[in-house]
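Have a look at the structure below, then the notes.
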2 protein chains.
Amino acid sequence: MTEKKLLFPIVNTDVALFTLIDQQLRVLLIQRANKPDPGGWALPGGIIKPEIDKSLEDAALRMLAAKALLRLPHLQQVATHSGPDRDPRGWSVSTLFFSLLPSDQVPAVAASKTEAIAWVDPERPGHRLGFDHGQMLAEALHALRDKVERGALPLHLLPARFTLTEVQRACEAILGRVIDKGAFRRQLKSARDLVKVPGAFVRGAQRPAQMYRASAGFVF
Amino acid sequence: MTEKKLLFPIVNTDVALFTLIDQQLRVLLIQRANKPDPGGWALPGGIIKPEIDKSLEDAALRMLAAKALLRLPHLQQVATHSGPDRDPRGWSVSTLFFSLLPSDQVPAVAASKTEAIAWVDPERPGHRLGFDHGQMLAEALHALRDKVERGALPLHLLPARFTLTEVQRACEAILGRVIDKGAFRRQLKSARDLVKVPGAFVRGAQRPAQMYRASAGFVF
DNA sequence: TCTTCTTAGTGACATACTACCACTAAGGTG
DNA sequence: CACCTTAGTGGTAGTATGTCACTAAGAAGA
């Protein structure tokens, strides 16, 4: 570390963007093109621009929008990391968010000319993560699991219409364990988060499955 | 807002410091002496100093230490607020923490020459709070309640040795409702957070009460 | 046409947990 | 020594949850 530390802290955001691919939980990593640690893999994020961002959330959404995600259905703060050494450019503050991307919108996330992307298993990212992003990813996953464990339904991972079994599979992918169908559906009924879509069924080589959508006042 | 906005965001911390006074939950407010909003009441906090602080937590502890609190037993992040207008000095980022002060250390917190202090009911602060500190206080209280509701024991609010009834009163003060003694003590037993202090009893006009202390590996 | 297979969807039971309440224990007080 | 107060324990009932069995409704194939 030979370069001079900045006088003001660097303020940036990072997002753990989760989705489902083949009913498996995946998180978005990007391969850095720019100054610190070029070629390294990291959570998407970057330095905020006070002249255009109205908040940290705003900044995080702006940076993801640059990666072809116009509207994210959800963004939740996890924690803020800080310190003089976690970013080689100097004293930095980084607010971590997690977000859920509907599985049918995965193709909308594309690699740019300069940055490669990868959807990886959040428990075994494979790529060595730069900065303290390994720890951050673990925290984001923990926050997501905790929320689902407490009964929140990760409907934002699914298309606008879905079956109850799809909701169950999404929860199982997040929690990493199988859930009993009967008990799970009991919970779904007691919560008021789901509404039947009349006449909409998924057909296959079995009994058709009723489709549902998130109720009006649903918040994850 | 006529003054020019700063180019870099202001980074500061705020702490909702809770304690028990007469078995009631109280939070520390200070009366601002300095530049923005002099005379207004706010949560203790301030701008970090990258040259001496090693993290946001470090900065928060340093500012509280200046108010005669050398060692705080606990500090937990709640959320980070941000935006161009929440602080009149310009675009700012503020990380909110909450902390618990043992009730027997309340006298150690003293007003300085320039700043008055007040211990107020977090649900009805009485004083109008500046910035967005009203909202922040509500969030900190919610985070504390949520944690206790999920079974965490607020032992840091109590002296090093305490009775089971004192633990129950502390939880009741936080949650704002009475708790059944039988059910509460069952929970205490199943958790492994408490250890009897042999031979230590509190005597009064009734059966003596066994004293306990936090177990070795206890974390709030 | 009818059998079989697969997943949707419901219900029944045992267990675990918890709210509510009653009871005994062990001091002090008058 | 009767009585008051709080400490501490245990029991019961109602609720929530895990486990599992069963029926429902289509497609596929003999």
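Per chain, numbering begins at 1; letters A, B, ... match sequence-line order. Values in this document were obtained by computation on a predicted structure and should not be read as measured data.
The interatomic distance linking L175(A) (CG) with dG18(D) (P) rounds to 11 Å, in whole Å. The CZ atom of R177(B) sits 14 Å away from the C1' atom of dC20(C) (whole-angstrom rounding). Rounded to whole Å, the distance from NZ on K196(A) to C1' on dA8(C) is 12 Å. dA19(C) atom P lies 9 Å from atom CD1 of I179(B), rounded to whole Å. Residue Y212(B) contributes atom OH, which lies 12 Å from atom P of dA7(D) at whole-angstrom precision. Between the CG atom of L188(A) and the P atom of dA8(C) there is a distance of 13 Å, rounded to whole Å. In this structure, CZ of F201(B) is placed 16 Å from P of dA25(C), rounded to the nearest angstrom. In this entry the distance linking CG of L194(B) with P of dG8(D) reads 12 Å, nearest Å.
The aromatic ring centroids of F131(A) and H81(A) lie 6.0 Å or more from each other.
Looking at heavy-atom distances under 4.0 Å, A209(A) makes contact with sugar-phosphate atoms alone, never a base. Among the protein residues, T163(A) comes within range of no part of the nucleic acid, since none of its heavy atoms lies under 4.0 Å from any strand. At a threshold of 4.0 angstrom between heavy atoms, the contacts of G204(B) are confined to the sugar-phosphate backbone, with no base atom among them. The residue Q210(B) sits close only to the backbone: its heavy atoms come under 4.0 Å of sugar-phosphate atoms, none of a base.
The aromatic rings of H74(B) and H156(B) sit parallel to each other, their planes meeting at less than 30°, with 60° as the upper class boundary. Relative ring orientation between W41(A) and H127(A) is described as parallel, the plane-to-plane angle staying below 30° on a 0-90° scale split at 30° and 60°.
Between D180(B) and D180(A), the residue anchored closer to the 5' end of DNA chain D is D180(B), taking for each the nucleotide with the nearest heavy atom. Comparing L164(A) and Q206(A) by the nucleotide of DNA chain C whose heavy atom lies nearest to each, the residue mapping closer to the 5' end is Q206(A). Between M211(A) and Q187(B), the residue anchored nearer the 5' end of DNA chain C, judged by the nucleotide with its closest heavy atom, is M211(A).
In the set dT9(D), dA25(D), dG28(C), the nucleotide with an atom closest to the side chain of R203(B) is dG28(C). Proximity note for R186(A) (side chain, C-beta onward) versus dC13(C), dA7(D), dA27(D): the nearest is dC13(C). Closest approach to the R207(A) side chain among dG27(C), dA26(C), dT7(C) is made by dT7(C) (side chain taken as heavy atoms from C-beta onward). Here dA25(D) is the nucleotide among dT6(C), dA25(D), dG28(C) with the atom lying nearest to any side-chain atom of P208(A).
In this model, a donor atom of one side chain and an acceptor atom of the other lie less than 3.5 Å apart for S94(A) and D14(A). With 3.5 Å as the limit, one finds a donor-acceptor pair spanning the side chains of T95(A) and T80(A).
Not one side-chain nitrogen or oxygen of K181(A) sits closer than 4.0 Å to the OP1 or OP2 atom of dG18(D).
In this model, no side-chain donor or acceptor of R185(A) finds a partner on the base of dG11(C) within 3.5 Å.
A 6.0 Å sphere centred on NE2 of H142(B) holds no more than 12 heavy atoms belonging to other residues, nucleotides or ligands.
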